[in-house]
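Predicted model only: the values in this text are computed from it and were never measured. This chain uses plain numbering: 1 for the first residue, then up along the sequence.
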Amino acid sequence: MNYRILPPEEILETTVTLPLSKSVSARVLVMQALTAGARPVPVAALADCDDTRVLAAALTRTTGELDVDDCGTAMRFLTAYYAAVPGTDVTLTGSARLSERPIAPLVDALRSLGADITYTATEGRLPLHIRGTRLRGGAVRLDARASSQFASALAMIAPLADGGLDIDLGGEIASMPYLRMTMRMLANRGVEADIAGYTLSVRGTYRVAEPEIEHDWSAASYWYSIAAVTAGWVTLVGMSDDSLQGDSVLARIGDRFGVLTEFTYDGAELSATPDIWSRLDMDMGDWPDLVPALAVTACLAGLPFTFTGLANLRHKESDRIAALAEGLAKIGCPCNTMPDGIAWDGRREPIFDMPVIDPHADHRIAMAFAAVSVFVPGIIINDIEAVAKSYPGFWDDLRAAGFTLTDADIEMPDVTEEA
């Protein structure tokens, strides 16, 4: 389905309960499954999104074919999980897009530890046939440039390997804050988990612990964008400045886009200010999930930017750099793209047709462009179902904030008045 979006008629003031964190939920599921005596986490207590649903179902299976659809997190975490649990015998499959995404670095590292993993079609791609066995411990080298989840997947199964693991990341890793999240959660469960430079040391035994479930700071980025462009007020319920998530950096960098954050008993209170930076040049390698919303906000605010450190965005649900540049061009903000980044010099071009945004089945692209409706009422976003990946209730929350969403085939309302 495709939506036409119109902005609120009044100044925006809304309260939003964001979805629970997909990243935290996925790690909780795997760690609980690996902890002797731990009770399964009720699905209702986890993020309501595709990855957690797929993971929750898959972790109850030990044999047969498992289709993880388009869920990259599930693919990486389950590859390591099944390889390290003796007695499993599964074939992991997924969507055509997922089969294009890299998995070889993780498979190579697991094989070096004795894992029994076979590519059943194309070398380096899904499907994978995995027979679980007790893995060797010790030193292992891992290329984590494409995804920090490779390192997180290995770290989470390290307590099952003989003597634990010392994981050498080779001096470079994508999205380091997500790995720090994993290590902190391991430590909360009694596992010795240390980072020294680009080496991870993980050993010990899981102990039962209360699951840490937080609201999703990545999802907060769309509301920071909406607060900025509407000059409105947004309360994000339950958000804390003491978070496992690296994307909580939003609370510190939001003022660069004109959004101030105050933490109260209710959560994060966002308020807009006209004071913004004159331009923004940032290495976003630690926070790639924030880039779609921040790039759209910067263009709407007239804030030239250069975002780098984003080579891994080429391998998300879409080529996220290309999809973002395509959408920004449609709203009159042509960008320059690089292998690892995207930049806008402040130049605008006139638009003569109502923009129609194709998110390329990417949840973050679909949500990021919703804020454009404040400047371009009636903008159309296709494939609105893509948001189920991380934030199924996004469109409902947008309506509750005063936005009007209609089927794209319904004509724009006539707002002209007779003279």
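- Between the CG atom in L34 and the CG atom in L29 there is a gap of 11.0 Å [rounded to 0.5 Å].
- Using cut-offs of 30° and 60° for the angle between ring planes, the W217 and F263 rings count as perpendicular.
- Side-chain N/O atoms of T306 and D281 include a donor and acceptor closer than 3.5 Å.
- Inspection of the Q245 and S23 side chains reveals no N or O donor paired with an N or O acceptor under 3.5 Å.
- Under the 6.0 Å cut-off for aromatic ring centres, Y224 and Y222 do not qualify, their centroids lying 6.0 Å or more apart.
- Under the 3.5 Å distance criterion, with hydrogens and angles disregarded, a donor-acceptor pair is assigned to the side chains of E214 and S243.
- The pair D51-K389 meets the salt-bridge criterion, with a side-chain N (NZ, NE, NH1 or NH2) lying under 4.0 Å from an Asp/Glu carboxylate O.
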(request) Could you walk me through whether L126 and L98 pass side chain to side chain contact (heavy atoms under 4.5 Å, CB included), step by step? (result) CA-CA 8 Å; L126 288 185; L98 191 64; 3.8 Å; yes
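- Ring planes of Y391 and F394: perpendicular class, angle over 60° (limits at 30 and 60°).
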(request) With salt bridge (Lys or Arg N to Asp or Glu O under 4.0 Å) as the test, would you mind laying out the steps for R125 and E100 before giving the verdict? (result) CA-CA 7 Å; R125 306 294 185 203; E100 296 172 358; over 6 Å; no
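- Using a 4.0 Å cut-off between a side-chain N of Lys or Arg and a carboxylate O of Asp or Glu, E212 and R189 qualify as a salt bridge.
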(message) Evaluate L398 against I226 for side chain to side chain contact (heavy atoms under 4.5 Å, CB included), listing each step before the verdict.
(response) CA-CA 10 Å; L398 207 61; I226 289 166; 3.6 Å; yes
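- When all heavy atoms are compared, the tightest approach of L106 to L154 is CD1-CG, 4.0 Å.
- In plain terms, the two heavy atoms of N312 and A146 that are nearest each other are CB-O, 3.3 Å.
- A salt bridge is absent between D340 and R314; no separation between the charged side-chain nitrogens and carboxylate oxygens falls under 4.0 Å.
- Taking the charged nitrogens against the carboxylate oxygens, D289 and R364 do have a contact shorter than 4.0 Å, which makes a salt bridge.
- Nearest heavy atom pair, residue A83 against residue L110, reads CB-CD1, 4.3 Å.
- Taking each heavy atom of V229 and F375 in turn, the nearest pair found is CB-CE1, 3.7 Å.
- For the atom pair I384 CD1 and N382 CG, the distance stands at 10.0 Å (nearest 0.5 Å).
- Taking OG1 of T230 as the reference point, atom CH2 of W223 lies at 9.0 Å (rounded to 0.5 Å).
- In terms of heavy-atom proximity, A209 sits nearest to N188 at CB-O, 3.8 Å.
- With respect to the salt-bridge test (charged N to carboxylate O, under 4.0 angstrom), the residues D397 and R399 do not qualify.
- For the atom pair F307 CZ and M284 CE, the distance stands at 5.5 Å (nearest 0.5 Å).
- A salt bridge between R145 and D143 is present, with a side-chain N of the basic residue lying under 4.0 Å from a carboxylate O of the acidic one.
- A distance of 4.5 Å separates SG in C299 from CZ in F305, rounded to the nearest 0.5 Å.
- Inspection of the S148 and S175 side chains reveals no N or O donor paired with an N or O acceptor under 3.5 Å.
- Across all their heavy atoms, L270 and A227 have their closest contact at CB-CB, 4.4 Å.
- Ion pairing between a basic and an acidic side chain is recognised when a charged N comes within 4.0 Å of a carboxylate O; K22 and D50 show no such pairing.
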(request) Show the numbers, then the answer: is there a side chain to side chain contact (heavy atoms under 4.5 Å, CB included) between D247 and Y178? (result) CA-CA 9 Å; D247 283 354; Y178 285 99; 3.2 Å; yes
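- A side-chain donor from one of S390 and H363 sits under 3.5 Å from a side-chain acceptor of the other.
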(request) Apply side chain to side chain contact (heavy atoms under 4.5 Å, CB included) to N2 and I381, showing your working. (result) CA-CA 6 Å; N2 310 323; I381 298 180; over 6 Å; no
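- No hydrogens or angles considered: a donor-acceptor pair under 3.5 Å links the side chains of D89 and H129.
- Interatomic distance, CD of E326 versus CG of D319, reported as 10.0 Å (0.5 Å rounding).
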